[in-house]
There are 4 protein chains.
Amino acid sequence: MTKKRSEPVQRKPRIDAQRNRERILEVAKAEFTRLGAEASLDEIAKRAGVGAGTLYRHFPARDDLIEAVYRSEVEKLAAAERRFAETMSPMEALRAWMLLFVDHIAAKQIIAPALNSVVGGASKLFEGSRGLVLGAIDGLVKRAIKSGEMRNDLEPFDLLRALIGVSHVASGPDWQRSARRLVDILIAGSRTNK
Amino acid sequence: MTKKRSEPVQRKPRIDAQRNRERILEVAKAEFTRLGAEASLDEIAKRAGVGAGTLYRHFPARDDLIEAVYRSEVEKLAAAERRFAETMSPMEALRAWMLLFVDHIAAKQIIAPALNSVVGGASKLFEGSRGLVLGAIDGLVKRAIKSGEMRNDLEPFDLLRALIGVSHVASGPDWQRSARRLVDILIAGSRTNK
Amino acid sequence: MTKKRSEPVQRKPRIDAQRNRERILEVAKAEFTRLGAEASLDEIAKRAGVGAGTLYRHFPARDDLIEAVYRSEVEKLAAAERRFAETMSPMEALRAWMLLFVDHIAAKQIIAPALNSVVGGASKLFEGSRGLVLGAIDGLVKRAIKSGEMRNDLEPFDLLRALIGVSHVASGPDWQRSARRLVDILIAGSRTNK
Amino acid sequence: MTKKRSEPVQRKPRIDAQRNRERILEVAKAEFTRLGAEASLDEIAKRAGVGAGTLYRHFPARDDLIEAVYRSEVEKLAAAERRFAETMSPMEALRAWMLLFVDHIAAKQIIAPALNSVVGGASKLFEGSRGLVLGAIDGLVKRAIKSGEMRNDLEPFDLLRALIGVSHVASGPDWQRSARRLVDILIAGSRTNK
DNA sequence: CATGAATGAGCCTTCATTCAT
DNA sequence: GATGAATGAAGGCTCATTCAT
């Protein structure tokens, strides 16, 4: 606006905005991972190399930023579900997805709380993307039940809760292997008693 | 000078110190439950009806307060373990304790993180009481393995991690029943494949 | 929102940053003078008509503010030394500068302690500007010695120390004249015994 | 008062009170020396092994404590003056006393400010003991003037101010020798121009 | 007389959010 | 659209002083 107001120049168009948005998201993910959902927005803006105002233009409220970070992760999970369902046996696919979930989501301190409220159904935010995760686990579980390998009294939700719980524990030197063992216990506990 | 507006007059004897300490602990537990470990200490003091300085006299650092709250909970769990082990069958005792754990510890947002670091072994605080929880779960699991009902490849730690995870999820209208189902899945997954 | 109640409206341009900075410095100098280096930063901010945060943006640590105040004073002294050296005889210049030092620096309670640590060489802050004062007194003394009017066993440092001491005493109804007499004693004590 | 109110027991009489008072004074001097006049009274009480209330009983206000510390020092100086005056020549006595002053008073951060206000005549406290120092320096200077060795236009006050100033500078590795040189300059500047 | 618990004002500091440029 | 300065509300913590026992 401070430009000579006659030329319709348009030098720095959307590209810049888009680039900023992405940089912010990237940094935000890292910061939320490091410090949890309370990470300083000022710090995020600074690390992303933008002014505080710019961050606020893109994400008017803290939750908007959290959700954006969260959604990008969730989309990866949903995609994986489709991939696994096509290429693996039902129980294998379930197990693989559960492991991916833990691996991927764990240590990302916002994600677990965010998912938490998804499961709880409490929060307004995340409304949009909750379907993605729920759909994924639901599909996997239903397929496994249909195949007869899994108890039919199992609530997909419960499994999701358990996974979220396990993800919370992501810390300590050995947590990766521990998580793996836990997934296996969950799987074992979910099988039909042949 | 602006006193808590409900009590008549109240002396201020030495017993008050103890009473204050307890009131602070009580309020702190509630606040930590509501808001997590970041709850405002000033607010806690206010709700407990004491000056900020009084809180600091009793608990010079935030961690001291957290630990005190945490320890009082943990002691209840350890006591329960002894009770259960005496009066129930191994698997029953384990299940009962797990349920108690979830019921009791859940929704208390400091506890889970605190236990987390116990499991992770990372934190200096809680050093003192970590043995209590670890001992409890360890005893229960070992007894169940010895009885032949439980897989002998099970790491007590893993179960604790799973419980902590489940506890994290404490929210939503149905979480109590969900937690119960999860515990049963964990138990089922832990049994020997007869 | 509660604005300083005297100014009409005032834009809030970028120039304001500079203006704020200066206002803060001004107030800080006055407050440090009144109360010493422990003056309340909150109070300084309030008197300068800015929010606490603004003060902290400009001077992240108390020492940054102290140093800024200190440096602006010291620069005036260094400038005066150059002026005096050009226009006066050696002993006159020295005396004039000493009087200026006392007049100028005195009653400014941060300055004296700050200079103190300059002389002591102890403090990290002020590192930058210590050269200025040291250089000034050094130049004046060396010139006076060279002229033969001053004892050649005189440590410029000592004179500086004495001046700082005298500056400390700045209070009481008669201190200005007293300081003047002291400077003269110091000068007299520094002359060669013809 | 909470004792059985019939026996006139009197087990812990003045001795204790006196001992406490002295211990407090001792500790206070050390603390004031370490931290200046802002030292924590709580800390002083603690180090003296008494309750905060006890300190307040003996010294109702901070200034009362400061003055008490101050006075005990000042009395030593006054005593020294009498001693020196009897055993030394006028100028020697003056010089010795000045050195003692610097040695003794220096590094005791309350003393200098306290004396400061004595000289300034501003403060109500210290009223009582100001005469002691003033008397000492006055006596020494007058005697030296009378002997013809000292300029008769010298204000004893001025010398005191200078000494206080020099005392302020007490820090840095070399301050003792520097202070000594300064005293000599002052003496030199005070002599009659033979 | 001594004790030490309690109080609460006051200071420092951080940070989300707004807004003029 | 971007920038970054300004704001002000919290919150943490300390400490002088009072007061019940």
Side-chain angles (χ1 to χ4, degrees), chain A residues 1-3 10-14 16-17 20 38-46 49-58 60-62, chain B residues 1-3 10-21 38-46 49-58 60-62, chain C residues 1-3 10-21 38-46 49-58 60-62, chain D residues 1-3 10-14 16-17 20 38-46 49-58 60-62:
Chain A
M1 290 321 181
T2 39
K3 282 286 141 82
Q10 238 199 347
R11 285 280 176 64
K12 283 185 166 184
R14 303 327 171 359
D16 225 67
N20 274 341
E38 309 294 290
S40 157
L41 296 192
D42 264 34
E43 182 66 23
I44 290 175
K46 193 169 299 166
V50 305
T54 303
L55 188 154
Y56 275 83
R57 167 171 298 275
H58 286 292
R62 168 183 289 272
Chain B
M1 293 324 177
T2 34
K3 271 289 131 80
Q10 286 269 6
R11 298 308 193 68
K12 195 138 294 175
R14 207 58 120 303
I15 308 170
D16 219 66
Q18 185 54 27
R19 197 188 305 267
N20 275 339
R21 199 192 142 86
E38 308 295 288
S40 159
L41 296 191
D42 270 29
E43 181 68 22
I44 289 175
K46 195 169 299 167
V50 303
T54 301
L55 187 154
Y56 278 85
R57 167 181 289 275
H58 286 292
R62 171 182 290 272
Chain C
M1 292 322 177
T2 33
K3 272 287 128 83
Q10 284 269 7
R11 298 307 191 67
K12 194 136 297 172
R14 208 57 121 304
I15 307 169
D16 219 66
Q18 185 54 26
R19 196 186 307 265
N20 275 338
R21 200 191 141 87
E38 310 294 289
S40 158
L41 297 190
D42 267 30
E43 181 67 21
I44 290 174
K46 193 168 299 166
V50 304
T54 301
L55 187 154
Y56 277 84
R57 167 179 290 276
H58 287 292
R62 172 182 289 272
Chain D
M1 293 320 183
T2 40
K3 281 288 140 81
Q10 238 200 346
R11 285 280 174 63
K12 285 183 165 188
R14 301 335 171 351
D16 225 68
N20 276 339
E38 308 294 288
S40 158
L41 297 190
D42 265 33
E43 182 66 22
I44 290 175
K46 193 168 298 166
V50 304
T54 302
L55 187 154
Y56 276 82
R57 166 172 298 276
H58 287 292
R62 169 183 290 271

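In what follows, chains carry the letters A, B, and so on, assigned in the order in which the sequence lines appear, proteins first and then strands, with residues in each chain numbered from 1.
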- Starting at the 5' end of DNA chain E and moving along, which residue's nearest nucleotide shows up first, D:Gly51 or A:Glu43?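 Closest to the 5' end, via its nearest nucleotide, is D:Gly51.
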- Task: Please figure out whether C:Ala39 or B:Arg57 has its closest DNA chain E nucleotide nearer the 5' end.
- Result: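 Checking each residue's closest nucleotide, the 5'-ward one belongs to B:Arg57.
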Length of the [atom1]-[atom2] vector between [X] and [N], whole Å:
X	N	atom1	atom2	answer
C:Arg19	F:dG4	CZ	C1'	18 Å
A:Leu55	E:dC15	CG	C1'	13 Å
B:Ile15	E:dA6	CD1	P	12 Å
C:Lys46	E:dA9	NZ	P	14 Å
C:Arg21	F:dG4	CZ	P	17 Å

- Task: Considering non-hydrogen atoms only, spot the tightest contact between D:Gly51 and D:Ala45 and give its length.
- Result: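 Closest approach of D:Gly51 to D:Ala45, heavy atoms only: O-CB, 4.0 Å.
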- What are the two closest heavy atoms between D:Leu55 and D:Leu41, and how far apart are they?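 Closest heavy-atom pair between D:Leu55 and D:Leu41: CD1-O, 3.6 Å.
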Pick out the pairs of N or O atoms, protein on one side and nucleotides 13-15 of chain F on the other, that lie under 3.5 Å.
unit_1, atom_1, unit_2, atom_2, d
F:dC13, OP2, B:Tyr56, OH, 2.7

- Item | DNA chain F base-pair string [pairs: Watson-Crick or G-U under 3.5 Å; |: paired with another strand] | .||||||||||||||||||||
- Item | Results of side-chain hydrogen bond (donor to acceptor under 3.5 Å, both in side chains) for A:Asn20 - residues two or more places apart only |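 Once residues adjacent in sequence are excluded, A:Asn20 has no partner under the side-chain hydrogen bond (donor to acceptor under 3.5 Å, both in side chains) criterion.
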- Message: For B:Glu38, give me all partners under side-chain hydrogen bond (donor to acceptor under 3.5 Å, both in side chains), at least two apart in sequence or on another chain.
- Response: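 With neighbours one apart ignored, the set is empty.
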- At under 4.0 Å, does any side-chain N or O of C:Asn20 touch on OP1 or OP2 of F:dA6?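 True: C:Asn20 side-chain N/O within range (under 4.0 Å) of F:dA6 OP1/OP2.
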- Message: Looking at E:dA6, I'd like to know if its phosphate oxygens (OP1 or OP2) sit under 4.0 Å from a side-chain N or O belonging to B:His58.
- Response: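 Looking at the OP1 and OP2 atoms of E:dA6, one of them is under 4.0 Å from a side-chain N or O of B:His58.
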- Item | Residues which pass side-chain contact (heavy atoms from CB on, under 4.5 Å) with D:Arg57, listed by chain and number, not counting sequence neighbours |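 None.
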- Would you please name every residue forming a side-chain contact (heavy atoms from CB on, under 4.5 Å) with B:Ala52, sequence neighbours left out?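 So B:Ala52 forms a side-chain contact (heavy atoms from CB on, under 4.5 Å) with B:Asp42.
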